[in-house]
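Since the model is a prediction, treat every value here as computed from it, not as a measurement. FYI, side chains are in, hydrogens and waters are out, and symmetry mates aren't considered; it's all heavy atoms of this structure. Positions are given from 1 along the sequence.
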Amino acid sequence: MENSDPVIDRYAGVVAVLDDARFAVPPAAGGPPASLAWLRRTVCRFSEGAEHGRRRTIVMDALDTIDPARLRRRARDLVRAGGDPYDVPFLALGEALGVTDLDALARAVPAAASGYLTGQGRDDADAAVAVLVRLLGPGPDEVVAGRIAVLLQASEATAALVRTALPYTRRPESRGRPVEDVIAEVLRYDPPVPAMRRIATEDVQLDGRTIAKGAVVTLDLRAANRDPAVFEEPGRFDPGRRERPHLTFGAGRRPCPGTGHALQLAAGVLEAGLSDTGLTGTGGHGKEGVR
């Protein structure tokens, strides 16, 4: 039996792990109400089983009230009005969720997001979560926590996508391409979140080897997205490619519930600078998601 924690770097292997309930997300410990630890313990991201399903539905219900195309146009307008392109995703989303004090939101979200994924945030992370509870409440804990989580994901993952994609919008391969195609290829070629982790809840046979119970499995999304068994010339940046989808937003049991909204937010931010890049845009009237 292998004792070292494994790394899965092939497309088929990553898909298999993501679709297998024997591989669970690392759990989060709880904490006092309206704290960072409370938030992590109350959201779907760090949950499994029925608890995860219930919390995921709460998030999807909240997102279903928001038109992604309108979100895209609002993000574009905020950037053109001088908004920070890395703050605009969560500001536009917060506004759509009914937050009126955007200044307080702009201060609280980065502080809370600093420890959302790891549990170890800035000194003011707990206070920031308490502010977000006030801004996004009142309501049941899981509902308020789900709304906060949507904003923290926009602050972390969507802002990271914008940051990663900006240099690629200026590459020769991107000129004349729809912004959606460039975003899709950036997500494959250079994923802003390059890896995921899962914990084996029992001994599992995978690709001819035994993964021991308790092993922390790293899913190398960057490598899987460049698997030559799936992608032709995987090391070439090509916004026109049409192979199977990248794995950056997950797959199997737990795909990202906010994919369409995240893509539209990123597209809106990038569209604000189209005149400098040679990209083309659909103005928020085109695809809701990319692939």
Q: State whether the number of non-hydrogen atoms from other residues, nucleotides or ligands found under 6.0 Å of Q205 atom CD is greater than 12.
A: yes

Q. Residues in side-chain contact (heavy atoms from CB on, under 4.5 Å) with A113, at least two apart?
A. L152, S155, E156

**Q.** side-chain contact (heavy atoms from CB on, under 4.5 Å) partners of A154, counting only residues at least two apart
**A.** P89, F90, L93, T158

Q) Can you tell me if CG on D123 sees more than 12 non-hydrogen neighbours from other groups inside 6.0 Å? A) no

Q) Given R222, which of T248, D190, D9 fulfils the side chain to side chain donor-acceptor pair (under 3.5 Å) condition? A) D190

Q | Set of salt bridge (Lys or Arg N to Asp or Glu O under 4.0 Å) partners for R107, sequence neighbours left out | A | none

Q | F231 six-ring face occupied by R188 cation (under 6.0 Å, within 45°) | A | yes

(Q) Applying side-chain contact (heavy atoms from CB on, under 4.5 Å) to V88 and V162, what does each step give before you reach the verdict? (A) CA-CA 10 Å; V88 159; V162 169; over 6 Å; no

Q) Between the side chain of T65 and the main-chain N/O of A62, is any donor-acceptor distance below 3.5 Å? A) yes

Q) Who pairs with E202 by salt bridge (Lys or Arg N to Asp or Glu O under 4.0 Å), at least two apart in sequence or on another chain? A) none

Q: Decide yes or no for E48 and R253: does some side-chain heavy atom of the first lie under 4.5 Å from some side-chain heavy atom of the second?
A: yes

Q) How about T42 and E142: does a side-chain donor come under 3.5 Å of a side-chain acceptor? A) no

(Q) Which Ile, Leu, Val, Met, Phe, Trp or Tyr residues join I199 in one cluster when any pair of side-chain heavy atoms under 4.5 Å counts as a link? (A) V216

Q | R45 side chain reached by Y116 side chain, heavy atoms, under 4.5 Å | A | yes

Q) Hydrophobic cluster mates of V25, side-chain heavy atoms under 4.5 angstrom, ILVMFWY only, any path? A) none

Q) Would N225 and Y189 satisfy side-chain contact (heavy atoms from CB on, under 4.5 Å), going step by step from the backbone distance to the final call? A) CA-CA 7 Å; N225 284 343; Y189 184 80; over 6 Å; no

Q.
Can you tell me how far apart CZ (R254) and SG (C44) are? Round to the nearest 0.5 Å.
A. 7.0 Å

Q) Does R122 have any salt bridge (Lys or Arg N to Asp or Glu O under 4.0 Å) partners at least two apart in sequence or in another chain, and if so, which? A) D124

Q: Flag yes if more than 12 heavy atoms outside R54 fall under 6.0 Å of its CZ atom; otherwise flag no.
A: yes

Q. Any sub-3.5 Å donor-acceptor pair from T118's side-chain atoms to Q120's backbone N or O?
A. yes

Q. side-chain contact (heavy atoms from CB on, under 4.5 Å) with A28: which residues, sequence neighbours excluded?
A. R40, F46

Q | With sequence neighbours excluded, residues passing salt bridge (Lys or Arg N to Asp or Glu O under 4.0 Å) with D227 | A | R10

Q) By the rule that ILVMFWY residues connect when side-chain heavy atoms come within less than 4.5 angstrom, directly or transitively, which residues belong alongside V143? A) I58

Show every donor-acceptor pair shorter than 3.5 Å between a side-chain atom in residues 31-39 and any protein atom, with sequence neighbours excluded, or say none if there are none.
from, atom 1, to, atom 2, distance (Å)
S35, OG, P32, O, 2.5
S35, OG, W38, N, 3.1
W38, NE1, D141, OD2, 3.4

Q. Are any of the side-chain heavy atoms of L105 and E95 separated by less than 4.5 Å?
A. no

(Q) Please determine whether salt bridge (Lys or Arg N to Asp or Glu O under 4.0 Å) holds for the pair E173 and R236, giving the CA-CA distance in whole Å, both sets of side-chain angles, and the decisive distance to 0.1 Å. (A) CA-CA 10 Å; E173 304 97 316; R236 179 168 64 91; over 6 Å; no

Q) To which residues is V193 joined in a hydrophobic cluster, defined by side-chain heavy-atom contacts under 4.5 Å among Ile, Leu, Val, Met, Phe, Trp and Tyr, whether direct or through other members? A) none

(Q) What I'd like to find out is whether the side chain of P6 reaches to under 4.5 Å of the side chain of R209, using heavy atoms alone. (A) yes

